[in-house]
Amino acid sequence: MRLATWNVNSLRARLERVEEWLVEVQPDVVCLQETKLADDAFPALAFQSLGYESAHFGQGQWNGVAILSKVGLTDVVANFAPGIDPDPDARVITATCGEVRVVCCYVPNGRALADPHYDYKLSWLDRLHQHLGLVSAPGDALVVTGDFNIAPTDADVYDPRKFAGATHVSEPERQRLAALIDWGLVDLFRLQHPDSERVYSWWDYRAGDFHQGRGLRIDLVLGTSAVADRLEWSVVDRNARKGKSPSDHAPVIVDLL
DNA sequence: ATGGTAGAGCATCTA
């Protein structure tokens with residue numbers, strides 16, 4: 001089973017590119033973030049014609065997450081599971097695809113450590129942690145994937161000195177990510193490539209950062225051991241970040257046996 | 001040290 005995550009930064013602006021990519025890469029399950037669409041504008045028919053069932057949780061202008069699947073799509077939960085303080089934003093959707101529970105998330109950016117949005121980011125991560133216990137369990141086949149807006153370690157940052165005091169690398173958010181790992185998840189890209197350096201999934205549009213190799217690895221695919229045991233390959237698809245009007249993120253792909 | 005780009009929607013906000 002081939003599973004991918006991609007922050008498309010507006011599905012309206014990126015649909016043609018996403019369609020071409022689906023045909024080329026042939027993933028079985030795709031998690032999309034930042035669709036920036038309301039549910040009634042989501043192009044479910046375009047994906048259906050390519051063989052995908054889909055579920056979308058959107059709000060319009062900002063955010064918006066979706067799961068596409070060729071291997072079944074059931075037990076959809078939009079937003080955090082009942083019992084958790086609901087998120088006003090459309091940032092998480094959960095479904096079961098081919099016997100794997102899949103959580104697709106768009107973690108808040110945080111903006112700056114002193115910004116209230118950063119506290120929202122930390123509380124959001126705490127609620128994601130609770131969510132996992134309600135929709136799955138560490139002994140199950142579970143994938144938690146998406147744009148985490150956290151670089152797990154300094155090896156995932158092109159120049160850690162430039163990020164001193166910034167979001168994406170701060171200790172409190174890394175601790176929240178570590179708590180998810182401790183709960184029973186593995187960073188599948190890092191499992192496959194423990195020593196790879198300068199592999200990123202996001203580059204700022206500005207100042208030619210992509211072409212200069214100035215990026216962060218913030219798009220993650222986390223899996224329980226039942227999933228990690230099936231890991232065959234993992235890669236960042238940098239080709240999808242090239243050419244005319246790309247997203248600022250590249251897809252991350254994992255192949256499971 | 002600052003600002004550089006892109007997408008939302010039409011003045012800025014978000015990233």
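Sequence lines set the chain letters: A, B, ... in the order given, protein chains first and strands last, and positions in each chain run from 1. The structure presented is a predicted model; accordingly, all values stated were derived computationally and were not measured.
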### Between dA8(B) (C1') and D89(A) (CG): distance, integer Å
14 Å
### Message
Using the P atom as the point on both nucleotides, what is the distance between dG9(B) and dT14(B), in whole Å?
### Response
14 Å
### Message
Can you measure L11(A) atom CG to dA8(B) atom C1' for me and round it to whole angstrom units?
### Response
14 Å
### Task
Calculate the interatomic distance between R17(A) atom CZ and dG7(B) atom P; express it in whole Å.
10 Å
### Within 6.0 angstrom of E99(A) CD, more than 12 heavy atoms from elsewhere
no
### Query
Is atom CD of E171(A) surrounded by more than 12 heavy atoms (other residues, nucleotides or ligands) closer than 6.0 Å?
yes
#### Entry: Same-atom distance (C1') from dC10(B) to dA6(B), integer angstrom
16 Å
### Task
Verify, without hydrogens or angle tests, whether R190(A) (side chain) and S196(A) (backbone) share a donor-acceptor contact under 3.5 angstrom.
yes
### Query
Could you write nucleotides 10-15 of chain B as a row of B, S and -, 5' to 3', where a protein heavy atom under 4.0 Å of any base atom gives B, of only sugar-phosphate atoms gives S, and otherwise -?
----SB
### Length of the line joining R214(A):CZ and dT5(B):P, which is rounded to integer Å
13 Å
### Query
Taking R111(A) for the side chain and H117(A) for the main chain, is one N or O donor matched with an acceptor at less than 3.5 Å?
no
### Task
Mind checking R14(A) for me? I need base, sugar-phosphate or nothing, with any heavy atom below 4.0 Å counting as a touch.
sugar-phosphate
### Query
If you measure from the C1' atom in dG3(B) to the same atom in dA15(B), how many Å do you get, rounded?
15 Å
### Distance-only polar pair, side chains of H193(A) and S234(A), donor-acceptor under 3.5 Å
no
#### Entry: For atom CD of Q59(A) and atom C1' of dA8(B), their distance in whole Å
12 Å
### Query
Is the backbone of A81(A) close enough, under 3.5 Å, to the side chain of H131(A) for a donor and an acceptor to pair up by distance?
yes
### Interatomic distance where CG belongs to N7(A) and C1' belongs to dA6(B) [whole Å]
12 Å
